[in-house]
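Okay, structure first, notes after.
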Amino acid sequence: MNFPEKLKYTKDHEWIRVEGDVGYIGITEYAQGELGDIVFVELPAIGKKVEFSQAFGTVEAVKAVSDLYSPVSGEVLEVNKKIQDSPELVNKDPYEQGWMIKVKIEKASELDSLMNVDAYKKLVAK
Amino acid sequence: MKRTPFYEIHRQLGAKIVPFGGFEMPVQYSSIIEEHKAVRSGVGVFDVSHMGEFTVKGKNALAFLQRVTVNDVAKLIPGQAQYSAMCYDNAGIVDDLLVYKIANNHFMVVVNASNIDKDFQWMKGHLMPDVELRDDSDSIALLAIQGPKSQSTLQKLTPVNLSSLQYYHFTQGSVGGVEMIISRTGYTGELGFEIYFPVAHAEKIWKAVFEAGKEFGIAPVGLGARDTLRLEMGFCLYGNDIDQTTNTLEAGLGWITKINKGDFIGKPVLEKAKAEGLGRKLVGIVIEEKAFPRHGYTIQSNGTSIGSVTSGTFSPSLEKGIALGYVTAASASVGYPLQIDVRGKAVPGKVAALPFLKK
């Protein structure tokens with residue numbers, strides 16, 4: 001399974017890619033595999049505030065629904081419109097085309113509590 | 001946890017394995033949607049060996065089955081199968097099942113995996129003289145071969161003329177050189193067959209079926225797609241849509257409940273329920289927004305709870321949310337507008353005619 005090194009991970013299987021004071025957020029390859037075919041992703045509106053470790057949306061797979069938890073607090077700058085029309089992109093390419101929201105990071109210190117790739121790999125190996 | 005004789009094959013195919021009805025079963029091999037579509041457009045194979053098979057034999061076999069099941073077993077001729085159910089005295093459902101008439105005084109009863117022990121004990125507790133009841137579940141492998149190309153696939157392996165086999169009929173014949181029961185039944189709404197054979201031949205038959213279906217893109221199908229396929233047809237699943245707290249009439253199974261056939265367990269309560277009118281009914285519901293109903297979600301009408309969802313999913317064929325659920329009888333007519341509480345949001349839907357998928 002692929003877990004890019006440059007990302008930070010949550011215990012709920014989201015990732016964040018930090019670019020300056022902006023973060024891109026999505027779910028991991030492990031998460032998409034566990035969920036199976038994703039058929040709908042419900043995302044917050046642009047401008048909305050998301051909170052560290054609080055639900056910001058839901059992902060619906062054929063047989064299951066799961067909340068999405070934010071790795072960081074901040075304001076939603078952009079949502080990935082492509083996955084609203086083609087939610088299967090989250091299954092096919094969870095780290096690039098399947099990203100979910102882009103946020104303006106409010107508290108960079110929150111990122112320190114996230115897992116690096118090695119810690120996350122250990123988590124999913126359990 | 002038990003395993004079917006195909007367990008190692010599922011592992012080799014990379015299936016995701018989950019516990020189901022006391023068995024380690026494949027829930028999906030590649031993707032639920034792909035497997036679902038393989039069955040709707042080509043052919044798919046399900047390992048359903050976890051199901052239970054009982055032999056019921058003897059002079060009083062017919063009388064016994066008439067007593068413990070709700071459908072009219074006397075209507076069956078040898079070579080015919082029947083969908084039915086067993087009820088408790090209070091008309092709650094013990095299980096839904098298939099009754100196969102092998103010969104006069106000889107039947108096979110096929111039950112849900114999770115209910116094998118419960119059903120066997122229930123039947124044993126109501127046994128009549130001159131009836132032999134035997135649990136053959138561990139010695140029988142069962143594959144469901146379903147889809148528009150199922151007949152072309154299976155025909156390559158058998159001298160039996162499959163096109164002459166009618167829906168809910170079966171025959172005994174050879175498939176891949178193994179004598180077995182070939183039944184024109186299934187849980188998908190497609191043309192399809194279920195084959196019952198000794199577990200010793202499991203691997204050989206699996207390989208033969210996949211070789212025969214290769215040209216049609218035959219695919220192994222897990223429990224995930226089995227559920228979406230049956231739900232598109234509005235078929236009940238024991239433990240979700242029916243159980244000991246529901247009766248056959250409110251579950252929409254009045255068509256298998258033959259009140260006039262003579263005495264059977266649960267009949268007095270069913271008769272009374274029918275005369276008094278049902279308080280609630282199992283209905284199909286389609287959702288008009290991008291939201292998907294799930295088991296346990298509340299069904300509302302104008303803000304008031306009128307029932308709950310018993311099965312819900314995204315329908316791969318219709319690409320929208322579909323559900324089965326019990327609602328008050330007054331809200332059960334086709335087209336009735338209602339809402340489903342999807343995690344705090346009232347999502348509009350309406351009562352739909354079954355099956356959801358018109359063939």
Side-chain angles (χ1 to χ4, degrees), chain A residues 1-2 12-14 27-46 48-51 53-70 79-94 97-98 100-101 124-126, chain B residues 14-20 25-40 219 221-232 237 240 287-297 309 311-323 340-345 347:
Chain A
M1 238 180 278
N2 173 29
D12 303 304
H13 311 287
E14 289 86 11
I27 63 170
T28 68
E29 183 169 350
Y30 174 82
Q32 70 78 21
E34 287 297 300
L35 284 163
D37 294 319
I38 292 166
V39 292
F40 183 58
V41 185
E42 190 176 26
L43 296 175
I46 291 168
K48 209 170 167 238
K49 287 267 166 69
V50 296
E51 299 286 338
S53 118
Q54 298 294 305
F56 70 84
T58 52
V59 53
E60 296 263 11
V62 176
K63 288 318 301 170
V65 59
S66 183
D67 280 323
L68 296 162
Y69 296 96
S70 185
V79 300
N80 185 357
K81 287 212 180 69
K82 268 201 203 158
I83 62 168
Q84 318 240 268
D85 296 331
S86 307
E88 68 277 8
L89 286 174
V90 179
N91 290 118
K92 283 182 192 148
D93 191 6
Q97 292 187 79
M100 292 177 173
I101 58 172
V124 300
K126 271 182 194 163
Chain B
K16 192 186 285 181
I17 307 281
V18 298
F20 181 85
M25 296 297 291
V27 66
Q28 68 170 63
Y29 299 85
S30 56
S31 124
I32 292 178
I33 293 178
E34 280 173 26
E35 292 164 30
H36 181 107
K37 289 183 173 168
V39 173
R40 290 274 179 253
V221 186
L223 292 176
R226 184 167 167 83
D227 195 52
T228 54
L229 288 157
R230 68 96 190 167
L231 202 42
E232 285 184 349
L237 173 63
N240 278 36
I287 300 301
E288 284 150 7
E289 282 183 11
K290 278 243 169 196
F292 305 104
R294 309 285 179 190
H295 177 82
Y297 286 8
V309 171
S311 291
T313 190
F314 166 83
S315 159
S317 302
L318 304 168
E319 298 190 333
K320 54 182 156 188
I322 57 171
I340 293 183
D341 183 346
V342 179
R343 296 180 301 283
K345 197 173 143 201
V347 176

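Atom set for the values below is all heavy atoms of this structure, side chains included, hydrogens, waters and symmetry mates excluded. Because the structure is a prediction, the values reported are computed rather than measured.
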May I have the step-by-step check of side-chain contact (heavy atoms from CB on, under 4.5 Å) for Val342(B) and Val65(A), ending in yes or no?
CA-CA 10 Å; Val342(B) 179; Val65(A) 59; over 6 Å; no

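- Residue Thr313(B) comes nearest to Val62(A) through the heavy atom pair OG1-O, 3.2 Å, listed as atom of the first residue, atom of the second, then distance.
- For the set Lys16(B), Glu34(B), Gln28(B), the entry with the most heavy-atom pairs within less than 4.5 Å of chain A is Lys16(B).
- For the atom pair NE2 of His36(B) and CG of Asp37(A), the computed distance is 11.0 Å after rounding to the nearest 0.5 Å.
- Heavy-atom pairs under 4.5 Å with chain B peak, among Gly36(A), Gly33(A), Ala64(A), at Ala64(A).
- Here NZ of Lys63(A) is found 4.0 Å from CG of Asp227(B). Values are rounded to the nearest 0.5 Å.
- Proximity to chain B (any heavy atom under 4.5 Å) is shown, for Glu88(A), by neither the backbone nor the side chain.
- Looking at Thr228(B), the atoms closer than 4.5 Å to chain A (heavy atoms on both sides) all sit in the side chain, from C-beta outward.
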